[in-house]
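First up is the structure itself, then whatever we jot down about it.
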Amino acid sequence: MTAIHSTSTMLSTFISSSSRSTAVRSNMLSPSNLIETPVVLGFGGVSVDLLATVASFPNPDDKIRSTSMKVQGGGNAGNALTCAARLGLNARLISKVANDVQGRGVLEELRADGVDVSFFVVSEEGNSPFTYVIVDNQTKTRTCIHTPGSPRMTPDDLTTSTVSSALNGVQLAYFDVRLHETALVVAHEANKRGIPILIDAERLREGLDEFLNLSDYAWTKAPTVSSALVSMLLRLPKVKFVIVTLGADGCIMLERSITVPADDATIEEMDVDNLLKLLKQKLDCGQTAPTCVSSGITRLQAKGVGSVCGRLFLGTAEKIPEPELVDTTGAGDAFIGAILYAICTNRPPEQMLPFAAQVAAISCRALGARTGLPRLSDPRLTPFLG
């Protein structure tokens, strides 16, 4: 998974232009909170997750019993913003659900976690998105079967005044690249206003290229990680940093240097793959808690790609004891939610990456994407807040 960050702007109020859709408003946040607490806006997928744990994944035509089950909210943006809200951010979310049992449940759960759902579109027809999630206790993996919501969200669902109100006072905007046609309307307006944008480029989705050209921060999976990071910073001049998450192997981040001239002859030049190998040698293999090592400012060269001046960071994941690992559903979303918090509170990368890894690890100790999401007061986070 890769995260990308860019610059965008502020939002206004929400009213749907569709006669069959309505905007839901909540009055959970006081004016003082809106001023004092960093405001983050998310746009993207929400769903109802129907989770079932099984002793082992079934073979074709098998009939098996679950060992436990849970029904809760899901979706990349919904999970990430729930995480951000629990960590103390003023979280707003734009998405679309139907006025059915599932949709009402999605909104109720988000409200309970402090997420502002004022700008949701609620359709009087169709169905809300839902996902069957099968968690294999033997392999500690999960299989997701998703049913999209209907009718699909379109740009006509958001008025200009709604977009303006949603962006009002926002310090950072996050997009999971779902519902891309409508999301791009919001992203372009955020970009006009100079609001930083974080993009989750987890996989190739329609509209991703246009999002990347707007973003300041990026996040994605890539087959040749080191050179891919260099390539992204060269191709996307607005991007400040790119993070690639590697599951149990942690993450790699490349941060662009904006303080050193590109032609500065005093900056050491090094092959990015070789530098990554050197960073790996610095890691303490006996350390179980997340940590981070980094290079100095270096001119990083990728063969056949080019070079960029910046710093390379290598972050580790927590080594979770086998009996404590329950479910990895939404771990990447938890990581992103923590990155949103770190950016909004100006945490340096050396603190941001271990903190985000710890939040993700905590979330893996409970069934479902949201059950284990910690609050900022969780003592397991204290060592990472410095």
Side-chain angles (χ1 to χ4, degrees), residues 1 42 44-86 91 93 95-98 100-115 117 127-150 176 178 200 202-203 245 247-248 317-318 320-338 359-375 378 380:
M1 180 182 287
V46 297
S47 73
V48 172
D49 284 355
L50 303 146
L51 298 118
T53 62
V54 295
S56 61
F57 196 82
N59 294 314
D61 211 30
D62 271 359
K63 294 182 180 179
I64 63 171
R65 291 177 181 246
S66 62
T67 57
S68 65
M69 66 87 64
K70 181 180 286 291
V71 179
Q72 70 173 195
N76 295 132
N79 296 336
L81 270 290
T82 295
C83 179
R86 290 194 188 182
L93 182 58
S95 192
K96 184 173 184 176
V97 294
D100 53 15
V101 173
Q102 292 86 355
R104 292 190 291 272
V106 166
L107 295 173
E108 182 180 349
E109 186 175 342
L110 289 168
R111 286 195 194 98
D113 268 311
V115 178
V117 295
N127 65 276
S128 297
F130 63 93
T131 304
Y132 295 110
V133 183
I134 303 171
V135 180
D136 185 337
N137 284 335
Q138 185 178 58
T139 62
K140 303 296 183 180
T141 58
R142 82 283 186 277
T143 301
C144 302
I145 306 168
H146 181 66
T147 299
S150 175
D176 66 8
R178 296 179 185 274
D200 179 357
E202 178 185 23
R203 65 188 63 183
T245 54
E318 182 185 357
I320 304 175
E322 173 100 16
E324 296 181 24
L325 179 59
V326 176
D327 180 17
T328 60
T329 301
D333 301 329
F335 189 96
I336 292 180
V359 169
I362 293 172
S363 76
C364 292
R365 287 172 159 87
L367 180 61
R370 301 183 189 175
T371 309
L373 289 175
R375 300 191 182 276
D378 191 311
R380 293 172 291 182

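Using a 4.5 Å heavy-atom threshold, the side chains of T328 and K140 count as separate. Between S128 and V106, every side-chain heavy-atom pair lies at or beyond the 4.5 Å cut-off. Considering only heavy atoms from C-beta on, L51 comes within 4.5 Å of Q72 through its side chain.
Using modelled atom types, no side-chain atom of R370 and backbone atom of T82 make a donor-acceptor pair closer than 3.5 Å. Panel note: side chain D327, backbone G368; a donor-acceptor pair is recorded below 3.5 Å. Using modelled atom types, one side-chain atom of D176 and one backbone atom of G45 make a donor-acceptor pair closer than 3.5 Å. The backbone N or O of G73 lies less than 3.5 Å from a partner atom in the side chain of E109, making a donor-acceptor pair. A donor-acceptor contact shorter than 3.5 Å is absent between the side chain of S363 and the backbone of A331. K70 places no side-chain N or O within donor-acceptor distance of the main-chain N or O of L367, the cut-off being under 3.5 Å.
Side-chain atoms of N137 and T67 include a donor-acceptor pair closer than 3.5 Å.
With rounding to the nearest 0.5 Å, the separation of OG1 in T329 from CG in N79 is 9.0 Å. Rounded to the nearest 0.5 Å, atoms CD1 (I336) and CG (L81) are 10.5 Å apart. Here S47 contributes atom OG and N76 contributes atom CG; the two are 8.5 Å apart, rounded to the nearest 0.5 Å. Here L373 contributes atom CG and R86 contributes atom CZ; the two are 5.0 Å apart, rounded to the nearest 0.5 Å. Here the NE2 atom belonging to H146 is positioned 9.5 Å from the CG atom belonging to D49, to the nearest 0.5 angstrom. Summarising the geometry, atom OG1 belonging to T139 is positioned 9.0 Å from atom CZ belonging to F57; distances are rounded to the nearest 0.5 Å.
A pairwise comparison of heavy atoms in V54 and S66 identifies CG1-CA, 4.3 Å as the closest pair. Pairing each heavy atom of A55 with each of D136, the nearest pair is O-OD1, 3.6 Å. Closest approach of C83 and V359 over heavy atoms only: SG-CG1, 3.7 Å. The minimum heavy-atom distance between N127 and P148, with the atom names listed, is ND2-O, 3.3 Å. In terms of heavy atoms, G75 sits closest to D333 at O-OD2, 4.2 Å. Counting all heavy atoms, side chain and backbone alike, V115 lies closest to A85 at CG2-CB, 3.9 Å.
Tested against R142 for a side-chain contact (heavy atoms from CB on, under 4.5 Å), the candidates V135, T53, I134 yield a single pass: V135.
No more than 12 heavy atoms of other residues, nucleotides or ligands sit less than 6.0 Å from atom CD of E108.
Between D113 and R375 there is a salt bridge, since a side-chain N of the basic residue sits under 4.0 Å from a carboxylate O of the acidic one. A salt bridge links R365 with E318; the closest basic N to acidic carboxylate O contact falls under 4.0 Å.
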